[in-house]
Every structure is written in C-alpha cells, then in structure tokens.
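Everything on this sheet refers to the single structure shown next.
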Amino acid sequence: MPPHDLFSGAPAPFGADSAPASPLLHNLNPEQLAAVTLPAGHALILAGAGSGKTRVLTTRIAWLLQTGQASPGGILAVTFTNKAAKEMVARLSAMLPVNVRGMWIGTFHGLCNRLLRAHHKLAGLPSTFQILDTQDQLSAVKRLCKQHGVDEERFPPKQLVWFIAGCKEEGMRPQDVPVRDQDTQKKVEIYQLYEQQCQREGVVDFGELMLRSYELLRDNDPVRAHYQRRFSHILVDEFQDTNRLQYAWLKQLAGDTEDGRLATHGSVIAVGDDDQSIYAFRGARVGNMQDFVREFGVKQTIKLEENYRSFSNILDCANALIAHNQGRLGKNLRTQQGPGEPVRIYEAATDLNEAQWLVDEIKSLVKNGEIERREIAVLYRSNAQSRVIESQLFNAGVPYRVYGGLRFFERAEIKHALAYLRLLENPHDDTSFMRVVNFPPRGIGARTLEQLQDAAREAGCSLHDAVSTLSGRAGANLTAFVARIDVLREGTQGANLRSIIGQVLEASGLVEHYRNDKEGADRLENLDELINAAESFVTQEGFGRDAVALPLDEQRAAPPLTQSPASQGLDASLPMAEAGELIDQDTGETLSPLAAFLTHAALEAGDNQAQAGQDAVQLMTVHASKGLEFDCVFIGGLEEGLFPHENAMSDHQGLEEERRLMYVAITRARKRLYISHSQTRLLHGQTRYNVRSRFFDELPEGALKWLTPQRSGFGSFAPFPGAARGYFTPAGGGFGHKSEVFASPPVPERKGGAAHGLRPGMAVFHNKFGEGKVLAIEGAGDDARAQVNFPRHGTKWLALAVAKLTVVE
DNA sequence: CTTCCAGCGTTTTTT
DNA sequence: ACGCTGGAAG
C-alpha cells in the first residue's frame, strides 16, 4: 500500500470553522450532510448501493475530529473486511492530517484481537496466543476426533466446525447450548473438548476472538467502563451483516443495560442496507437493524437514496426487483443521471453459447475502445459457472482475472512456514506442531506421533513438552525436531523479522525441500514473497521506526476521560496515544514484530490472486462483487435452480436473499448491464434443462432490451439466436468441434434426443398429483428425472422411468 | 515415504 | 465432469 498522504486534504484549522463552512462538507447532498453532522446520539443510516456510504462514514469521523467533538482516541469504527477498514483509513488520511493510528479502525476480529492482546490475562489467554484460521480449526477438530475416538462418519469434522462456529456466533458456550437430542449432546461434548484443547494449546479461532472479547467486556466492569467512556463515537459499517454476537459486543461497548433499557454513553452510528444483506448463511442477522432502533432508542434514521453510480435504467431494474421482497425497511434509489442504455437481456441455447456470446460482446466493446477490460465484470451465482466462461475467454485470448481461490497466507508452503514461526512464539501450539513435525519428511511416522499424542494426553501437556517423556528409538527424531525448534528460538532472539524468517526457512529444511522438488519453483517464489511481505509489514506498521508524526495535538483535543473514580486506575494504565499499538496492559510490553506479523497473517489472508496492473476482465461470484462497481457488468446464468439457487428456493427467506443477491449484482453496474440465461447447462456432468429465472419477470419492461426474441410463455423455443450474425464461428481453438451444436435445434439432445419428449414449461398429468407444469429435466434414459410443480402438491422430482406422466395439450 | 486410486462433494465467504 | 482427500499399496 502506498504511504498515506496526510496533507492532501484541505488545510482547515481545527475546531475553528463553524460546521457548514468546513470544506469537508462541500458537495454533500442534504441527506449525506445530515448524516455527517448528526448531533451526538444513536442513529441508523440506511445507505443504498452507490449512495456514498463510505464517504459519509469517513467525513463524519473527520468532521467530529475537526470540530473538536471527538479526539482520535474516542473513535471506534468497525468493518467486516480489512479492505473496507483500509479504505476508511486511507480516505480519512486524505481528508485530515490526523493520527489514524490513534483511532480504533478495523475489522471486528482485528479490534477483538487488539482487546485480547491488551487484556490477555483477564481474558484467560497467554500473551503468545495464536489465531486459528478455518483450515487450522478443521485440522484441530480432526485431531481431537481421532484422539477421543469420535465416529467421523456420524460426526463429520466439517460439520462439527460449523456447529462450533455457529454456537459461538450465537454467543453460546457449551453449557448454554440447548440439548434436544443425543446427536446434539455429543456435539456439545466435542465442542467442550475442543475448547479445552484450544485453551491448553493457547490458540483461538475466529469465533473465539469475538466471543472471548465479548466476555472480557461483559465480565470486567472496570474494563468495560473504560472502553465505554473512551469510545464516545462508535461507527459500524455494513451493519446488516452483523451476527448476534457482534451486536451484543457492540452493546457492551455502547453502554450498560439497566432495568431492561440500554443506558448508553456517546453515540453509535450504524450504517447498513437491509436490501444488501446476503450473508444470512453465515449468521448475519438483518433483524439487528430493527433491534438496534428499538434497543438504542434511535430517533434518527437517515436514508441515503441518491445514487451516484448508475444510470436510471439500471436503477429502475434494481428498484423494481427488490420491491418484490417483503418486510423491507423501505428505500428507493434515484439518480440525476439520465436513463442511459437499456439493460440487455440475452437467451442462449447452452452455457457454452452463453459464454461465446459474452466473449464476443466483450471483444467488440473493447475493440471499439468503448471500455477498458478492467471495467468489465462477469458475475455469476456459483463458482462452477466460471469454468465455461474462462475457457472461452482463454480461447479468444482475452485477459481475465478470477477472484476467489486460495489466498496468499492460505497456501500450503506459506502455512508450513508460518507453523514454524508460530512454534517459535508458542511451542504449545499443537496444530502447528503436527503440521510441520514431519514436513519436510524427517522420518517421524504416524506410529510415533500416535505414541506422542498418547503421552501428551497422559501428562496433560503439549506435544512439544511430551517429547522428553518419550523414550527409545522412536523418540530420537522427535527429540531432534524439538531441539531444532528450540535452538532456532534461542538463536533468533532479538533478530529482525526478515532474518528470523530467513533462518526459519533454511533451518526448517523447507527451502531445501522445495528446491529438490521439480515442481517446487512456484513454492520457493512464494516463500521469497513471504519475506517480502514481512518486510513491508514491518515498514508499514512502523516497527523499529517512528510512526507518522502527530499534527493533531491530542492533549488539546482529548476529552475528559479520567473523571470516574471507579475506572481511574485503569485509565491511567491505558495510555491514549498508544491506542494503535498492540500493548499488553499488564506488562506494558508491545507485541514483538514476529507476533504482530503472525497475527496479521491470520487476520488478513491476503489478496485473492492479485495480478495487479493487468488490464483484465474481472470474473467473480455475485457475493464477491459486493462493494465493487464497474462500467459494464454481465450477469450470467439467470435460471431457476441456479439463480435463484435451488437450495434457497424452497423457503421464502431463502428466496428473498437470492433476490437481494440479484439486487447487489444489478447495482454493480454504472453504464451498461447485461443479463443472460441459457436453456441448458452442464452441471455435475449432467445436462440440465433450465427455465429462465423468475427474476426476469420482476424487471420493468421499459428498461430492457431483449437481444434474443422473447419467448411467449414456456415451452416454445425461439430459432437459434445469433447464428445468422456469425457469432459462433469456431475460433480455431480447442472448442471448435462443439460447433455442431449450432446447427442442431436450440436444445441439444444427448444421443438422439430425450425419449420422454418432455420439455420445461410443458403441462403434464400425473395419476396421483393431477395436472402440473414441468420446471426442469435432468439426466437421460432410465435416469431421467423431471421437476414438476403441481398446484395442489407442490414441486416434486419424478423419475420418468417410474412416474407415469402424460403430456397435456 | 511416495504414489496411486477410489470415493466424495459440488451456493454463496470473511475473519 | 472434476478436483481434492484419505487410505492402501508399493
């Protein structure tokens, strides 16, 4: 990241200007201005897509500081992603010459980490506690299952991880989980064992980070009182994505509950958009917005409805679509821009054709110089859809970039290196121990490790400590391994981060191992990159050098924080100026660069395959696109069962979330939007016949342009689109042989056509269920199944070899 | 310890 | 269809 330009903002004198005169407030619309200059108190800001939400948040902070209503130390701004937090910091720095390091701006987990580092003793954690990511957590659970003889068939570790994370998100410790059945009973037992294991090893998972710091605040009156008094202004981004625990955490910081009502200090500003709530599946609770209004007695709700991103045809689509959801807080996007181009709809015969059309369209857009490739995004509901599109882009030689996949700190070789580093910090981290004890291979087999684990359990100690209790030949290699780690720890005391990592990479044998591996070149490169990452981390975080100078006189701006006798002692021990550092509040010790770097690696897994600088088409899921914007957006696969996804279609809530997802997708586009679907799609190795998505019927006709003839109702298939325009000339690549599809009827039939003769949209009669409509057909021959909706019996999948269906004319 | 193969799962994802 | 995981064989 480039260094923050602290002085590019207007050089406004602090606290001197009256609010409206401040250059900060220029060019804000009335709603934005109202939100930025809200008087102290709690408020909800309903910020529509593209309404300048981040700008309002950052300007609000800047305004609070500039007018002397708050000092940097009094601000807490919390986001979900590191990206959002970084952007806030960057924009704020550009606005004001302010010491951003004095402010608590970060992700929920980042801030929790900071709290726990500062009060690790009160939180019951060792100062060296390590953070488990999802991979680590899974392997910890697997290890635990093996150790305790848990039947992994009945209780798949993945499911257990999900269960444990779910409990924590709801704020539940094992004893809080309601046990209805034996299965739950067992899971709770495993949850408890898992907790004990983590505690013994000094590690916390992401959920624990949140839950533990919530409990820290809840159970320690002076600590809670301190932070409540300190953070006079709390701002929450993407509030609709908060889960129950995060909301409870915020309540702890905001004030105490007195006879059922929240007695709060200061102000909490929650910014969110219920229409963009797309993370219910991971515990997000939109209901927190209503709860917030009720429990905080919110008087002020401000809606930001002016959209600065898209032309009105696009917004009309978004508004019309989302209007089909019930129970919204209510919001309509508007723009001062004109209608712009119509939203283009395309129907393809096959997923391959859809991809070919898309690539042709992209090529001509770029060729005409209308648009840069990086300003074109292709969005899809599920990752599986990217494959066809990628192959077509690749064939056509169009540069593209796919979001998603393994991130830097998640790669195996990086995790190996980090495991060694973590063992230097915390030798009792058994997850890390197991990861590298025999990697690179050093003759420590499964048998030996079983013995070691038994010994450790017997002695109630870590694997590291159990090694010395193990005697005989089996222990020799282990002893050497532990000795190597311990020597390394001694030898790197006081060394700088770069040299520590360098030594570890060599001494661990990782470098040599990958050097001997003929496919290890990439991995070596990544290990090199790890050293670079550490180097730039040290520079950025200001370890070993002075942090940015403080143009803002904190003493002058600091509000009276030490007035309460109850918390005076604590206040004295929590120096304001050091808010940005990770400081042990018991010893005053700051986190070592290595410890800080390991924390950083765990909390921020790095970019998703950034090939920065390359002018490439952007491919991603709709989820991944949230918060981004592009001149031109393609949304593919708008088919029943895919978007809305079949797993979400059955219930009302699921369907509404799918609709919000589509809303998010539409509102990514600035100028040009394409929505497409295909009659057939290859999924899991089978051709599926799909009906076009119901979402098409929820868009306003006037804003659309159908690039292919719109079929009237179901069942009648248009002549194959685009063939006359020469779209499907094989490009000479590996896919040319598929061109025969073009000559065949729009619905490609496998092996001489479907014997059953059914097509989606057809009306059929069933002896038991009566008349119904065919929604989809899957498979062929004896495996062929049809999804049929019967008005009286609902939607059913019927095996055509068994079910007697007759076509109704 | 490495290599191979069978079996499994396949909506969305951040920390 | 396909890629990853884990267990068994070499």
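Keep in mind the model is a prediction, meaning the values are calculated, not measured. Throughout, protein chains are lettered first and strands after them, A, B, ... in sequence-line order, and every chain is numbered starting at 1.
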Criterion ring-ring contact (aromatic ring centres under 6.0 Å, His included) on A/His677 and A/Phe695, from CA distance to verdict
CA-CA 11 Å; A/His677 69 107; A/Phe695 295 151; over 10 Å; no
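- Going from atom CD of A/Glu238 over to atom P of B/dT15 covers 12 Å, rounded to whole Å.
- Among A/Gln135, A/Gln197, A/Arg143, the single residue meeting the side chain to side chain donor-acceptor pair (under 3.5 Å) criterion with A/Thr431 is A/Arg143.
- A search for ring pair (Phe, Tyr, Trp, His ring centres under 6.0 Å) contacts involving A/Phe394 returns nothing, not counting sequence neighbours.
- Aromatic rings of A/Tyr214 and A/Tyr247 (six-membered ring for Trp) have centroids beyond the 6.0 Å cut-off, not under it.
- In the 5' to 3' direction, nucleotides of DNA chain C lying under 4.0 Å from heavy atoms of chain A begin and end at C/dA1 to C/dG6.
- Following rounding to the nearest Å, A/Leu209 (CG) and B/dT14 (C1') show an atom-to-atom distance of 13 Å.
- Residue-level contact check: A/Asp133 touches neither bases nor backbone, having no heavy atom under 4.0 Å from any strand.
- In this structure, CG of A/Leu603 is placed 9 Å from P of B/dT15, rounded to the nearest angstrom.
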Assess the residue pair A/Glu215 and A/Arg173 against the criterion (side-chain contact (heavy atoms from CB on, under 4.5 Å)); give the C-alpha distance rounded to whole Å, side-chain angles, the decisive distance to 0.1 Å, and a yes or no.
CA-CA 11 Å; A/Glu215 289 168 344; A/Arg173 291 294 178 191; 2.9 Å; yes
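- A straight line from CZ of A/Phe206 to P of B/dT14 spans 11 Å, rounded to a whole angstrom.
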Donor-acceptor contacts under 3.5 Å from residues 144-163 of chain A side chains, at least two apart:
residue  : atom : partner  : partner atom : Å
A/His148 : ND1  : A/Leu144 : O            : 3.1
A/Asp151 : OD1  : A/Glu153 : N            : 2.9
A/Arg154 : NH2  : A/Asp183 : OD1          : 2.6

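- Looking at A/Leu211, A/Ile131, A/Leu132 one by one, the single match for side-chain contact (heavy atoms from CB on, under 4.5 Å) with A/Val204 turns out to be A/Ile131.
- The ring pair (Phe, Tyr, Trp, His ring centres under 6.0 Å) test applied to A/His416 returns A/Phe439, not counting sequence neighbours.
- Rounded to an integer number of Å, the gap from CH2 of A/Trp162 to P of B/dT14 is 19 Å.
- Between the side chains of A/Gln137 and A/Asp205, at least one donor-acceptor pair of N or O atoms lies under 3.5 Å.
- Nearest-nucleotide assignment on DNA chain B puts the 5′-proximal partner with A/Ile444, out of A/Ile444 and A/Thr107.
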Report all interatomic pairs (protein N or O, nucleotide N or O of nucleotides 7-13 of chain B) with separations under 3.5 Å.
residue : atom : partner  : partner atom : Å
B/dT11  : O4'  : A/His645 : NE2          : 3.2
B/dT11  : O2   : A/Arg381 : NH1          : 3.1
B/dT11  : O2   : A/Arg381 : NH2          : 2.0
B/dT12  : OP1  : A/Asn383 : N            : 2.7
B/dT12  : OP1  : A/Asn383 : ND2          : 2.7
B/dT12  : O4'  : A/Arg381 : NH1          : 3.1
B/dT12  : O2   : A/Arg381 : NH2          : 3.2
B/dT13  : OP1  : A/Thr621 : OG1          : 2.6

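- In summary, the side chains of A/Asp351 and A/Ser678 do not present any donor paired with an acceptor at a separation below 3.5 Å, with no hydrogens or angles considered.
- Residues of residues 430-443 of chain A that place a heavy atom closer than 4.0 Å to DNA chain B, in numerical order, are A/Asn438, A/Pro441, A/Gly443.
- A donor-acceptor pair shorter than 3.5 Å cannot be found between the side chains of A/Asn426 and A/Arg422.
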